[in-house]
Amino acid sequence: LTNQQAWAAHHPSRQTIDVVLWQPFHFGGLEQWALSLAKHWERCALVMQETSNFDPRLRASFPGAVLDLQSALELEKPILLSCVSNASQFLPRKRKPPCIAVVHGICSYTRDWLLSSLEVADDIVAVSALVAQHLEDWTGRPCIVIENGVELDRLVATCSRDACRVRFGIPSDAFVVAYTGRITAPEKQVSKIIEALQFDSQAWLLIAGWQIDNRLSTWAKKYGVSD
């Protein structure tokens, strides 16, 4: 970063860092995971290879230190690796710090980055038994399952249940399915949720996310569930 001294005044010193996160840092579930982890484990640092992709709003939210890769390697601390392709090209063959690949989901991109970085991964962590099963099939190696958690203190209602239903025209006694997250990402398969609505004419689907996909209304009409 161009202003590393300013960061040092407000973030943990390198001497107090226990673990390094090496992953992309835009807006999404992976970034929220990193923020939550750093919230409870402040003695961590984040590796940024391309600082131009580090959104300043997220930078302000991250409580740990932010380092370039070379500085992080000099710490000789364990690295949690996620969604970084060809990591073996950047890590030294000798005196490599322990490296743990953390896999949050299943898609072709996940498979590609994991296999391209498998050489430097000492262990593989999956967020569910299902994900672990796929990873073991792909890599031929055992996986550790550490399930995702939910920070309940972050789930604060901005309006009442009844007010929300009135706002979106949902009957008070209707069964509602809610989805939040990226919409356009193919691995999220939002179309499958819409397709499932055709089996319950009384169910409603509420989607809250980003990257608006114009295909949502097309899918709804296709399955006869549009409003």
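Not measured: the values here are computed from a predicted model. In what follows, every heavy atom counts, from backbone to side chain, and hydrogens, waters and symmetry copies are set aside.
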Distance in Å, Ile106 CD1 paired with Leu135 CG, rounded so as to fall on 0.5 Å steps: 7.0 Å
From OG1 (Thr218) to CD1 (Ile194), nearest 0.5 Å: 9.5 Å
Minimal heavy-atom distance between Ser71 and Asp68, with the atoms involved, is N-OD1, 2.8 Å
Is a donor on one side and an acceptor on the other found under 3.5 Å between the side chain of Thr180 and the backbone of Ala208? yes
Look only at the side chain of Ser116 and the backbone of Trp113, and say whether a donor-acceptor pair between them is shorter than 3.5 Å. yes
Identify the heavy atoms of Val225 and Gln198 that sit nearest to each other, and give their distance. CG1-N, 3.7 Å
According to a 4.5 Å side-chain heavy-atom criterion applied to Ile, Leu, Val, Met, Phe, Trp and Tyr, with indirect links allowed, do Val166 and Phe168 form part of one hydrophobic cluster? no
Does the side chain to side chain contact (heavy atoms under 4.5 Å, CB included) test come out yes or no for Trp219 and Ile193, once each step is laid out? CA-CA 10 Å; Trp219 289 329; Ile193 308 177; over 6 Å; no
Can you name the nearest heavy-atom pair linking Asp18 to Lys77, along with the distance? O-CB, 3.7 Å
Could you go through the side chain to side chain contact (heavy atoms under 4.5 Å, CB included) check for Leu81 and Ser117 one step at a time? CA-CA 9 Å; Leu81 177 73; Ser117 300; 3.9 Å; yes
Report the C-alpha distance between Val47 and Val84 in whole Å, list the side-chain angles of each, state the deciding distance to 0.1 Å, and finish with yes or no for side chain to side chain contact (heavy atoms under 4.5 Å, CB included). CA-CA 11 Å; Val47 169; Val84 177; over 6 Å; no
Grouping I, L, V, M, F, W and Y whenever their side-chain heavy atoms are under 4.5 Å apart, do Leu130 and Trp138 come out in a common cluster? yes
Measure the shortest side-chain to side-chain distance between Val103 and His134 over non-hydrogen atoms and say whether it is less than 4.5 angstrom. no
Could you give the distance from CZ (Arg165) to SG (Cys159), rounded to the nearest 0.5 Å? 11.5 Å
Leu115 CG to Thr110 OG1 distance, which is reported to the nearest 0.5 Å: 10.5 Å
Give a yes or no answer on whether the side chain of Tyr223 reaches the backbone of Ser226 with a donor-acceptor pair at less than 3.5 Å. no
In terms of hydrophobic clustering (I, L, V, M, F, W, Y; side-chain heavy atoms under 4.5 Å; direct or indirect links), are Phe175 and Leu197 co-clustered? yes
Transitive ILVMFWY side-chain link Tyr109 to Trp22, under 4.5 Å: yes
Taking the side chain as C-beta and beyond, is there a heavy-atom pair between Cys143 and Glu136 under 4.5 Å? yes
In the structure I gave you, are the side-chain heavy atoms of Val127 and Trp33 within less than 4.5 Å of one another anywhere? no
Do Val131 and Val145 make a side-chain contact, defined as non-hydrogen atoms from C-beta onward lying under 4.5 Å apart? no
Same apolar cluster (I L V M F W Y, side chains within < 4.5 Å links), Val177/Ile207: yes
Return the CD1 to CD1 distance between Ile124 and Ile100, rounded to the nearest 0.5 Å. 11.0 Å
State, yes or no, whether a side-chain contact exists between Leu91 and Ile79 at a heavy-atom distance under 4.5 Å. yes
Do Leu80 and Leu37 pass the side chain to side chain contact (heavy atoms under 4.5 Å, CB included) test, and can you show the C-alpha distance, the side-chain angles, and the key distance before you say yes or no? CA-CA 11 Å; Leu80 300 184; Leu37 184 65; 4.0 Å; yes
Decide yes or no for Ser191 and Arg215: does some side-chain heavy atom of the first lie under 4.5 Å from some side-chain heavy atom of the second? no
One should read off an interatomic distance between Leu205 CG and Glu195 CD, to the nearest 0.5 angstrom, of 13.0 Å
